[in-house]
Structures are given as structure tokens and as C-alpha cells.
Amino acid sequence: MVLGESAKMSLKFSQIHAAMVAKINTLAGFKQARFPVEYFGRTSNPLAHLGYAIGIQSTQANGNRQPTTGSGMEVFSTIEVIFAYRLRPTDAYPTDYKNALDKEEIVTMKLLETYPTTPQLQLRYISTSRELPESLEYSIHRIEYQALHYLKA
């Protein structure tokens, strides 16, 4: 991925986060959790059906050149989106798990759409992982993206 000249407008981490939150909030039933990504799965407290969190986990330079004074630089940021899907008692498990997988696909594709308010944001899908806590009350879905953006002081 390489940024075109029009995409070299600076994009703050908070702008990336806000754009992705706005995108997920258009999906029925999803609600941003008041806990960071790292709290999902530790206890049941931060979990709610279709509760989600977004974390910008790391950032690295794109290429070997460092910016000269006053100029910006292209970077890659790894972004993790996590959400919980409530699983009903075991007699409904297969149905709920399949529904959770469908929701995962919807979130994945929604976040890959264009961002009219931040056209310089380019996301690339990296991977997905899923886990079931011991309680089997929720399935937890982690979707990882990479954003190529431009930082400038």
C-alpha cells in the first residue's frame, strides 16, 4: 500500500478511531463499550451483546526514511476491533454461533468501506480470531486491520 498525494493529509489517531466508531455505530444493535480492547475476555463485566471496542495497538514507519524537520511521514497502524456476541444456553448454541460469525463478516466488510469524512484513511484487513470464554456466555471476535496514514506535527 502506498499513499497517493491526495491521501497525504495528516490523519490523527483520534480521527481514525472516531471514523471507525462512526462506521460501526451505523450497524443495528452495536454499542461502543466503555472499556478498552484489552479488557474483553478477562471478566464478564465489560461484555454486552454486540458491545465493541477499537484499539490502535501499534504504529510503525512505512519505509526506512525518517521525516525531515517539518515534513510528515507515512505510517502503518495496527488496529484491533473486538466485539462480543451473546450465546444463549447450549440448546441454541449452534444457531447463535453462526449468527455471531455472520455479524463478524458484516463488521469486517463495513469497516472496509470508504470513509467520506476521512478519505485519506485506507484500511486493509489482516486477520480475525475468535474465542469462547469458559462461561460460554459470549463469543468474542477480534478483527485486525492495518491503516496506512500520514502523520504530521
The criterion is side chain to side chain donor-acceptor pair (under 3.5 Å); which residues satisfy it with Asn25, sequence neighbours excluded?
Tyr52
Mind checking whether Phe30 and Phe83 have ring centres under 6.0 Å apart?
yes
Could you tell me which non-hydrogen atom of Leu121 sits nearest to which non-hydrogen atom of Ala19, and how far apart they are?
CD2-CB, 4.2 Å
Which heavy-atom pair separates Ala53 from Pro36 by the least distance, and what is that distance?
CB-C, 4.2 Å
Excluding sequence neighbours, so at least two apart, what forms side chain to side chain donor-acceptor pair (under 3.5 Å) with Thr128?
Tyr125
As an exercise, state the distance from CD of Glu105 to OG1 of Thr108, rounded to the nearest 0.5 Å.
7.5 Å
For Ser77 versus Thr59, what's the shortest heavy-atom pair and its separation?
OG-OG1, 2.8 Å
Give the minimum heavy-atom separation between Leu50 and Ala28, together with the two atoms involved.
CD1-O, 4.0 Å
CD1/Ile24 to CD/Gln32 distance, rounded to the nearest 0.5 angstrom?
8.5 Å
Considering all heavy atoms, the nearest Val37-Gly55 contact
CG2-N, 3.3 Å
Could you tell me whether a side-chain N or O of Asn62 sits under 3.5 Å from a main-chain N or O of Glu74, the two making a donor and an acceptor?
no
Residues at least two apart in sequence or cross-chain that pass ring pair (Phe, Tyr, Trp, His ring centres under 6.0 Å) with Tyr145, listed by chain then number, are none
If you apply the rule side chain to side chain contact (heavy atoms under 4.5 Å, CB included), what do you find for Glu131 with Arg142, and how did you get there?
CA-CA 9 Å; Glu131 63 184 272; Arg142 296 175 188 275; 3.2 Å; yes
Linking I/L/V/M/F/W/Y whenever their side-chain heavy atoms sit closer than 4.5 Å, directly or via other members, would Ile106 and Met20 fall into one cluster?
yes
Please report the interatomic distance CD(Gln146) to NE2(His149), rounded to the nearest 0.5 Å.
9.5 Å
Sequence neighbours excluded, the answer for side chain to side chain donor-acceptor pair (under 3.5 Å) partners of Arg86 is none
For residues 109-118, which side-chain N or O atoms pair as donor and acceptor with protein atoms under 3.5 Å away, sequence neighbours left out?
{"from": "Lys110", "atom 1": "NZ", "to": "Glu113", "atom 2": "OE1", "distance (Å)": "3.4"}
{"from": "Tyr115", "atom 1": "OH", "to": "Leu111", "atom 2": "O", "distance (Å)": "2.7"}

Separation between OG of Ser129 and CD of Glu104, rounded to the nearest 0.5 Å:
8.5 Å
For the aromatic rings, using the six-membered ring if either is Trp, is the centroid distance between His141 and Tyr85 under 6.0 Å?
no
Can Ile79 and Leu123 be said to form a side chain to side chain contact (heavy atoms under 4.5 Å, CB included), step by step?
CA-CA 9 Å; Ile79 301 168; Leu123 288 183; 4.1 Å; yes
Please tabulate, one pair per line, all N/O donor-acceptor pairs under 3.5 Å involving side-chain atoms of residues 11-18, not counting sequence neighbours.
{"from": "Gln15", "atom 1": "OE1", "to": "Lys12", "atom 2": "N", "distance (Å)": "2.7"}
{"from": "His17", "atom 1": "NE2", "to": "Ile54", "atom 2": "O", "distance (Å)": "3.1"}

From the options Asn99, Thr95, Leu101, select the one residue that forms a side chain to side chain contact (heavy atoms under 4.5 Å, CB included) with Tyr97.
Leu101
What distance separates Arg130 CZ from Ile143 CD1, expressed to the nearest 0.5 Å?
8.5 Å
Arg124 side, atom CZ; Thr78 side, atom OG1 - distance, nearest 0.5 Å
9.5 Å
Is a side-chain donor-acceptor pair under 3.5 Å present for Gln57 with Glu38?
yes
